[in-house]
Amino acid sequence: MIAKEVGNHVDDDGYVPVICGLSRCNKGDIDAAWEGVRYALRPRIHTFIATSEIHMRHKLRKTPEEVIQIASEMVAYARSLGCEDVEFSPEDAGRSDTEFLYRILTEVIKAGATTLNIPDTVGYTLPSEFGSLIAKIKANTPGAENVIISTHCQNDLGLATANTLAGAYNGGRQLEVTINGIGERAGNASLQEVVMAIRCRGNELLGGLGGLYTGINSKHISVASRMVSTIGTSPSLEYCNARS
Ligand SMILES: CC(C)C(=O)C(=O)O
């Protein structure tokens, strides 16, 4: 329904939203995601697999080579369904070996990934580290110049917005955020904080890169924020409750 209704809406200025389905790196998930998004004018499949040592060894029980093979096969599989827009995430990238990230990202680009999303899944990095990770991925991943680099920052240490901005400063051109910062545990980077930081300081602070801007009409943010706050508690409250 979302794909058919929202995904077929063309704004007055010609903008059409991308409708994206998230899936683990397996055919069943990817088929289900494709079924959910395929009726949109701009469908996308976002597939992910963990790349940190701790996740590969204890959660996936796979070797790094097996993880690379699964990731590239599943990105190619998503493309083979007719989906021209495929996002790939190396889950727990913030705690992954950077050399391994370059290798897996190189392979998924070859397999057809169009966006590389870099998640700080457990909200562990500091802004300097996350910014440097984005810069290093851009510099050391062959083919990265032809895809969009994206950030996905969790807020466990209260740094999701700062990390997202550091990612943008270092070349991230898709920033994954949520209204009011809702999300797992302490939440994700907050849309309103990131949008307003870029709006207020993007030209000045990020001017060396030609200035940054978003296409978001900030006048609608407070209405959206109030609406979302009526249907759930805030991430920080959930986080405190979970720990008390
Ligand atoms: C699936 C990915 C993007 C994710 O949510 C995370 O790693 O936090």
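Positions are given from 1, in the same order as the sequence printed here. Order of listing sets the numbers, starting from 1, for every ligand and every atom in it.
- Residue Q154 touches ligand 1 through its side chain alone, judged by heavy-atom distances below 4.0 Å.
- Checking each of I198, L212, N170, L175 against L165 for a side chain to side chain contact (heavy atoms under 4.5 Å, CB included) leaves exactly one that passes, namely I198.
- Close approach to P119 involves these atoms of ligand 1, each under 4.0 Å from a residue heavy atom: 6 (C), 7 (O).
- Remark: ligand 1 and E91 share no N or O pair separated by less than 3.5 Å (distance only, no angle test).
- Looking only at atom types and distance, the side chain of Q154 has a donor-acceptor partner in the side chain of N188 under 3.5 Å away.
- Set against the non-hydrogen atoms of N117, the atoms of ligand 1 under 4.0 Å away are 3 (C).
- Which parts of ligand 1 touch F48 is read off a 4.0 Å heavy-atom cut-off, strictly below it: atoms 1 (C).
- R24 CZ: 12 or fewer foreign heavy atoms inside a 6.0 Å radius.
- A cation-pi geometry, defined here as NZ or CZ lying under 6.0 Å from the six-membered ring centre and within 45° of its normal, does not hold between K136 and Y102.
- Among the atoms of H152, some N or O lies under 3.5 angstrom from an N or O of ligand 1.
- The side-chain heavy atoms of M74 and I30, taken from C-beta on, include a pair separated by under 4.5 Å.
- For atom 6 (C) of ligand 1, the nearest non-hydrogen atom of the protein is T121 OG1, 3.4 Å.
- With 3.5 Å as the limit, one finds no donor-acceptor pair spanning the side chains of D29 and S23.
- Shown in contact with S89 at under 4.0 Å from a heavy atom are these atoms of ligand 1, numbered in order with element: 3 (C).
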